[in-house]
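Working notes for the structure below.
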There are 2 protein chains.
Amino acid sequence: MLETLHKNHERYFVPGLDRGLRVLEIVAKSDRPLTIAEIAKKLDVSRSSAFRITYTLSHLGFLITDSSNKLYDLGPRVLSLGFSYLNGQDIIKIAKPHLEKLRDITEISSHLAIREGSEVLYLDNIVSKSPFVSNISRGERRPIYASPLGWVLLGDMLDPKIIELFNNMNFQKMTDHTPGNVSALIARIREARTLGYVVSRGYVQHGGSTITAPIFDETNAVAAVIDISGPDSGFNFDEIDNFYVPAVVDAAQNISRDLGFSG
Amino acid sequence: MLETLHKNHERYFVPGLDRGLRVLEIVAKSDRPLTIAEIAKKLDVSRSSAFRITYTLSHLGFLITDSSNKLYDLGPRVLSLGFSYLNGQDIIKIAKPHLEKLRDITEISSHLAIREGSEVLYLDNIVSKSPFVSNISRGERRPIYASPLGWVLLGDMLDPKIIELFNNMNFQKMTDHTPGNVSALIARIREARTLGYVVSRGYVQHGGSTITAPIFDETNAVAAVIDISGPDSGFNFDEIDNFYVPAVVDAAQNISRDLGFSG
DNA sequence: AATAATTGTTTTATATACAAAACTTAAGGA
DNA sequence: TCCTTAAGTTTTGTATATAAAACAATTATT
């Protein structure tokens, strides 16, 4: 009965495609090249199936093998997808001038990010011209729960959905301010929603600060988030409330406005 | 007979995976979201097959649909692959300090690239601190035939292989210096190989110059290529031969050496 | 050195992914 | 308004992708 329902839901699934993409992500997450047997184990399929999938992926250039033809690693063709995605995102183009202005007036690196599952996904990184540069790249991911960007991003998500998303996740403490469980995370999200922004000093990394604000789409859902972030030495902490915060919130509002007209 | 051989070669292919990845690249190359019927036509499969593939890809987050559920575009999950690839490339880490030094002494943006099929794939972009910045990103691609980087990259490829790779490609003229056919391209490649570097002024873009040199692996095959490039205004053209060229060639040799010890 | 265990590859019987065709819905034209 | 065409979805018989099992080759263990 439940089995029938399950089968029904996946009636149109192409299993080879599903597994092939999972293989790519397994290899991507691994810090070293993998053998067919290892891939088979991680994927929970037979070695012969893993063989067929890696055969296909390496013939297509998405995987490459070492000289012994036994160790599989990502091939350069995987880049063809990600780069096109970034280039196709209107929000990046719309946000960029505002982020550049924000960087210029604050002299701190600014960023644009969206939510992807339970992760924050950085879409753009406007590097400060000061010597205090950030080490974040377009395409990089961070866990939502540990990032002020994430707390702001979840501002319009209902508590049950948040609990569903994080109920079986282990919360690794980055600093003393990292929420250690779902209810602590929800408290953080509430604060961010109430205030409309987040000021964090040493929340993510000791000696680093960020100021974060949400971008809204036409339906007032949180579409994305921006911040300025960098080492404490780049900030003038007397000016947080009457300079940095209004600057970030302003930029976010302007991006929201520009986004609304385009969509 | 030939059919049997063909089938034999693809004995282990997973067709669903092959087609799914091709769908992702079709959508990536398109400048607008596509319908199932359009994807089916471009893929040369039935609508029902295209439906199954897009169903799978969108359930996995690699494709997303618009509000009407009819137009398919790339989803953010495609980024998970490309970013891991860039982070896993040792050559980027090894080359970076040399590229930064090159940028610093020449005050011109430096780049690292490899070959991917018939394209040059940029792996890194060290931006000049001068106001003359390059507009090239990691992950970006250019046709090999039109780029000095490409001519250097093909330095160790045998002519028949080059002809095979470019025999049915249409050579779009970017400038007067762009080779218009395979034999013109081979001439360019020969020059690059003989000289050991390429100096180009206005070859790719009017008013832009580049100086390019190859990186070799342990077997003396061309593994990658570096250049400095930017607007003519950033160059001092009296110093090409006794400053810029030795600087680029030196950096390339140092990267080759570092690469040899690691691999 | 001999044997066992592990991994990569090939074969093959069977479960199932596939495309044709039917069906449904939406859009355009007369 | 009705008819035609096109696109999305579902069903279904059949060609084929799949995983088990067999085999080969390599690595580990005694």
Side-chain angles (χ1 to χ4, degrees), chain A residues 1-24 26-27 30 32-60 62-75, chain B residues 1-24 26-27 30 32-60 62-75:
Chain A
M1 185 63 188
L2 203 137
E3 206 133 287
T4 325
L5 201 72
H6 184 68
K7 272 226 184 289
N8 211 42
H9 173 252
E10 295 192 348
R11 192 169 29 180
Y12 299 121
F13 245 63
V14 180
L17 177 53
D18 176 27
R19 273 181 274 167
L21 291 166
R22 275 162 60 206
V23 165
L24 288 179
I26 284 168
V27 176
S30 167
R32 62 184 171 78
L34 297 173
T35 65
I36 287 179
E38 287 172 321
I39 292 169
K41 198 167 286 172
K42 282 172 195 277
L43 239 194
D44 196 30
V45 299
S46 65
R47 288 203 318 279
S48 56
S49 293
F51 174 78
R52 302 177 81 258
I53 294 165
T54 55
Y55 177 93
T56 305
L57 289 171
S58 58
H59 272 252
L60 293 172
F62 289 94
L63 288 180
I64 50 168
T65 56
D66 69 339
S67 51
S68 73
N69 272 32
K70 300 227 163 168
L71 292 169
Y72 289 82
D73 207 343
L74 287 184
Chain B
M1 183 64 187
L2 204 138
E3 208 134 286
T4 324
L5 203 73
H6 184 68
K7 272 225 185 287
N8 211 42
H9 172 253
E10 295 192 346
R11 192 169 29 180
Y12 300 120
F13 244 63
V14 180
L17 177 53
D18 177 27
R19 273 179 285 174
L21 290 166
R22 275 161 60 208
V23 165
L24 287 179
I26 284 168
V27 176
S30 166
R32 62 184 171 79
L34 297 172
T35 64
I36 287 179
E38 287 171 322
I39 292 170
K41 199 167 284 174
K42 281 174 196 276
L43 238 194
D44 196 28
V45 298
S46 65
R47 286 204 319 278
S48 57
S49 292
F51 174 79
R52 301 176 82 258
I53 294 165
T54 54
Y55 177 94
T56 304
L57 289 171
S58 57
H59 273 252
L60 293 171
F62 289 94
L63 288 181
I64 50 168
T65 57
D66 69 339
S67 50
S68 72
N69 273 31
K70 299 227 163 167
L71 291 168
Y72 289 83
D73 207 344
L74 287 183

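To find a chain, count down the sequence lines: A is the first, B the second, and so on, and within it residues start at 1. Heavy atoms only: backbone and side chains are in, while hydrogens, waters and symmetry mates are out. What you see is a predicted model; the values in this text were computed from it and never measured.
Straight-line distance from the CZ atom of A/Arg47 to the C1' atom of D/dT18: 15 Å, rounded to whole Å. Rounded to an integer number of Å, the gap from A/Leu71 CG to C/dT6 C1' is 15 Å. To the nearest angstrom, C1' of D/dG8 lies 13 Å from CD1 of B/Ile39. Atom pair B/Phe51:CZ and C/dA17:P shows a separation of 15 Å (rounding to whole Å applied). In this structure, B/Leu17 places its CG atom 14 Å from P of C/dA17, rounding to the nearest Å. The CG-C1' distance, from A/Leu34 to C/dT7, rounds to 14 Å in whole Å. Distance OH (A/Tyr72) to C1' (C/dT7): 12 Å, rounded to an integer number of Å. Protein atom CG of B/Asp18 is 16 Å distant from nucleotide atom P of D/dT16, rounded to whole Å.
Taking the side chain as every heavy atom from C-beta outward, A/Leu57 and A/Val27 never approach each other to under 4.5 Å. Contact annotation: the side chain of B/Tyr72 never approaches that of B/Leu34 to less than 4.5 Å [non-hydrogen atoms, C-beta and beyond].
With sequence neighbours left out, the side-chain hydrogen bond (donor to acceptor under 3.5 Å, both in side chains) criterion links B/Ser48 to B/Ser46. Legend: residues meeting side-chain hydrogen bond (donor to acceptor under 3.5 Å, both in side chains) with B/Ser68, ordered by chain and number and at least two apart, are B/Asp66. Evaluation of the side-chain hydrogen bond (donor to acceptor under 3.5 Å, both in side chains) rule for B/Ser58 yields no partner, not counting sequence neighbours. Residues forming a side-chain hydrogen bond (donor to acceptor under 3.5 Å, both in side chains) with B/Asn69 (at least two apart in sequence, or on another chain): B/Thr65.
With values rounded to the nearest 0.5 angstrom, A/Leu43 atom CG is found 4.0 Å from A/Ile26 atom CD1.
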Anything under 3.5 Å between a donor and an acceptor, one on a side chain of residues 14-22 of chain B, the other on a protein residue two or more places apart or in another chain? List them.
residue, atom, partner, partner atom, Å
B/Asp18, OD2, B/Arg22, NH1, 3.4

Protein N or O to nucleotides 27-29 of chain D N or O, pairs below 3.5 Å:
none

So which protein N/O to nucleotides 11-14 of chain C N/O distances come out below 3.5 Å?
residue, atom, partner, partner atom, Å
C/dT11, OP2, B/Arg11, NH1, 2.9

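Comparing B/Ala37 and A/Ala50 against DNA chain D, the residue whose closest nucleotide sits nearer the 5' end is B/Ala37.
In this structure, the nucleotide among C/dT9, C/dT7, D/dT9 sitting nearest to the side chain of A/Ile36 is C/dT9.
Listed by first then second residue, pairs satisfying salt bridge (Lys or Arg N to Asp or Glu O under 4.0 Å) with a partner in residues 39-52 of chain A number zero, not counting sequence neighbours.
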